[in-house]
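A short worksheet on the structure shown next.
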Number of protein chains: 2
Amino acid sequence: MAKNIQSLERAAAMLRLLAGGERRLGLSDIASSLGLAKGTAHGILRTLQAEGFVEQDALSGRYQLGAELLRLGNSYLDVHELRARALVWTDDLARSSGESVHLGVLHQGGVLVVHHVFRPDDSRQVLEVGAMQPLYSTALGKVLCAFDPVAHSDALEAERRPLTPHTVTLPERFEAELSAVREKGWASDVEETWQGVAAVAAPIRDRHGMAVGAIAATGATERICDPEGAGDRGDGGPGRIRTDLVAAVRDCARAVSRDIGNGRF
Amino acid sequence: MAKNIQSLERAAAMLRLLAGGERRLGLSDIASSLGLAKGTAHGILRTLQAEGFVEQDALSGRYQLGAELLRLGNSYLDVHELRARALVWTDDLARSSGESVHLGVLHQGGVLVVHHVFRPDDSRQVLEVGAMQPLYSTALGKVLCAFDPVAHSDALEAERRPLTPHTVTLPERFEAELSAVREKGWASDVEETWQGVAAVAAPIRDRHGMAVGAIAATGATERICDPEGAGDRGDGGPGRIRTDLVAAVRDCARAVSRDIGNGRF
DNA sequence: TATATCGGTCGACATTGTCGAACGCCGTCT
DNA sequence: AGACGGCGTTCGACAATGTCGACCGATATA
């Protein structure tokens, strides 16, 4: 493989650095973080600024991400074929289930949310399109790991930090769960990522049977799970998710799979 | 001013090209569009692909925008201070007015929507965060033109294509409207951009009095405008907008202005 | 006021990206 | 079937390009 363009790699690293750090960063911070000379870093930043990818606070001189990224990110959504096909199906799923629905795809060792339908009530909700979710603890992530070898190895080599007391961290238990997901054809997340929140997810497959994305219904544990057993998670078996919800999510995922050209699922 | 980095400018031009064209583009198209040798274009695209900014369809070999842009665009929203301050105020405005609310900032000769609160009902709505609106015909755009000299000149030199029969295209009428906006302190758009849709907008000002953004309430003309006069727009006077809605939008914009450190407005 | 650090500039250097030709591949047309 | 034309990709030589580190003025700090 031929060499990639150095200045572009460095510019991308800067954008990621600015995206990671919560606050604005100064030129010297950026230069030292990437091991560059100040002059070099400034040249790249100046160009990125002229193109709208970064903005500079006039007073402090610090840099932050620019508006052009938002515009391009939106254009990405416009072109996204899977998302376009899923729009109407996910909308129906949200209405019929009464829960919020997410569409996620694999991206850089995590799940990128490319579509999010709010729960159909008046509660205040924040849009999560563009946000990342971990592979090892979310329903979307587990589905993708179970049916996509790349996601699987990504999740294995990543650090599985416990996010709640229910998070599965041991490799063997994680593997067992993925096997179960493969067998069942769907995955769940009962308070493994966020306290009080549960989710069900099913894979979207293209015409070759490859998992190209996943659809999940997410909501408060009390609504997603059956009330039986006093709500305790117990042995970790997956039987507690409401079966009608599982069926609805799987139907939705199948419908989208069919829509993108896969007649078998 | 020192020269900007050539390869970065070219990469940015490619991303914008991909964002503009609806469909995926081939390497030869991209190279010829930008006047580059195929080898050069390929080197840039290869790097952009490795960084996740573009993706390549495995079968056709064509290129499209990449998921990393969505992630970075989302990060941009996280850092956006004005948006963060406006979140709760715009939410309240949407609830009290019953209409959808947009927060826009000036970006590259247009209005970039950085926040969008859905109208609080169950109707199907598409999120417009990241979308661009024209300066000359929308309420958001006119407010920014009226109070921001840069936006003003941008709008003047741009082509004002008529979007509906009500769009103001003549320069003198546009200027007169901006003067009125400056005097009133708010702007309206009654079916000048979209048929059947009207909007009211007011500016957000920073501690120096500069307009840094605008807030708009948008909805069906029948709900935004007073029913008087049988709904015909007539002489173009702005008196038809519901006065309570104007007050609510202006109050919201003032509240955000106060929140970002401007006590005067 | 002295000082440390900031963002920004400049010019010499050689690394780096650019160019154009050539390659293998695939689909189409003859 | 065969030849063709177009596709994305690779390669190597060249010099244009981006990089580096010292330097500058302004600003914040003490």
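In what follows, every chain begins at residue 1, and chains take the letters A, B, ... in the order their sequences are listed. Not measured: the values here are computed from a predicted model.
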Presence of Q6(A) side-chain N/O under 4.0 Å of dT17(D) phosphate oxygens OP1/OP2
no
Side-chain N,O (T40(A)) to OP1/OP2 (dG18(D)) below 4.0 Å:
no
Whole-Å distance separating the CG atom of L45(A) from the P atom of dG18(D)
15 Å
Going by distance alone, is a donor N or O of one side chain under 3.5 Å from an acceptor N or O of the other, for D189(A) and T193(A)?
yes
Would you say the side chains of H115(B) and E128(B) form a donor-acceptor pair under 3.5 Å?
no
Per atom distances to the K38(A) side chain, the nearest of dG8(D), dG8(C), dC19(C) is dG8(C)
Give G39(B) one of three labels, base, sugar-phosphate or nothing, depending on what nucleic acid heavy atoms sit under 4.0 Å from its own.
base
Please check the phosphate of dG17(C) (OP1 and OP2 only) for any side-chain N or O of S7(B) closer than 4.0 Å.
no
Take atom CG of N4(B) and atom P of dG17(C), then tell me their distance rounded to the nearest Å.
16 Å
Listed nucleotide nearest any side-chain atom of I44(A), set dT19(D), dC19(C), dG7(C):
dT19(D)
Nearest to the side chain of Q56(A) - dG18(D), dT10(D), dG8(C)?
dG8(C)
Mind calculating the distance between CZ (R62(B)) and P (dC26(C)) to the nearest angstrom?
17 Å
Rounded to whole Å, please give me the gap between CG in D29(B) and C1' in dT9(D).
16 Å
Under 6.0 Å from the ring centre and within 45 degrees of the ring axis: does the NZ or CZ of R24(A) meet both conditions for the six-membered ring of Y63(A)?
no
Does a donor on one side chain sit under 3.5 Å from an acceptor on the other, for D78(A) and S75(A)?
no
Indicate, with a heavy-atom threshold strictly under 4.0 Å, whether G43(A) touches base, sugar-phosphate, or nothing.
nothing
Please state how far atom CD1 in I5(A) lies from atom C1' in dT18(C), giving the value in whole angstrom units.
9 Å
Length of the line joining Q49(A):CD and dG8(C):P, which is rounded to integer Å
8 Å
Closest to side chain of L27(B), choosing from dG8(D), dC19(C), dT19(D):
dG8(D)
N/O (side chain, R10(A)) to phosphate O (OP1/OP2, dT16(C)) under 4.0 Å:
no
Whether R182(A) side chain and A146(A) backbone form a donor-acceptor pair below 3.5 Å
yes
E9(B) CD to dG17(C) P, in whole Å, measures 15 Å
Within a radius of less than 6.0 Å around CZ of R124(A), do more than 12 heavy atoms belonging to other residues, nucleotides or ligands occur?
yes
May I ask you to verify if any side-chain N or O of H42(B) is less than 4.0 angstrom from the OP1 or OP2 atom of dT9(D)?
yes
If you compare every side-chain N and O of S60(A) against the phosphate oxygens of dC6(C) (OP1, OP2), does one of them come in below 4.0 Å?
no
Side-chain N or O of Y63(A) less than 4.0 angstrom from OP1 or OP2 on dG8(C)?
yes
Rounded to whole angstrom units, what separation is found between the CG atom of L36(A) and the C1' atom of dG8(C)?
16 Å
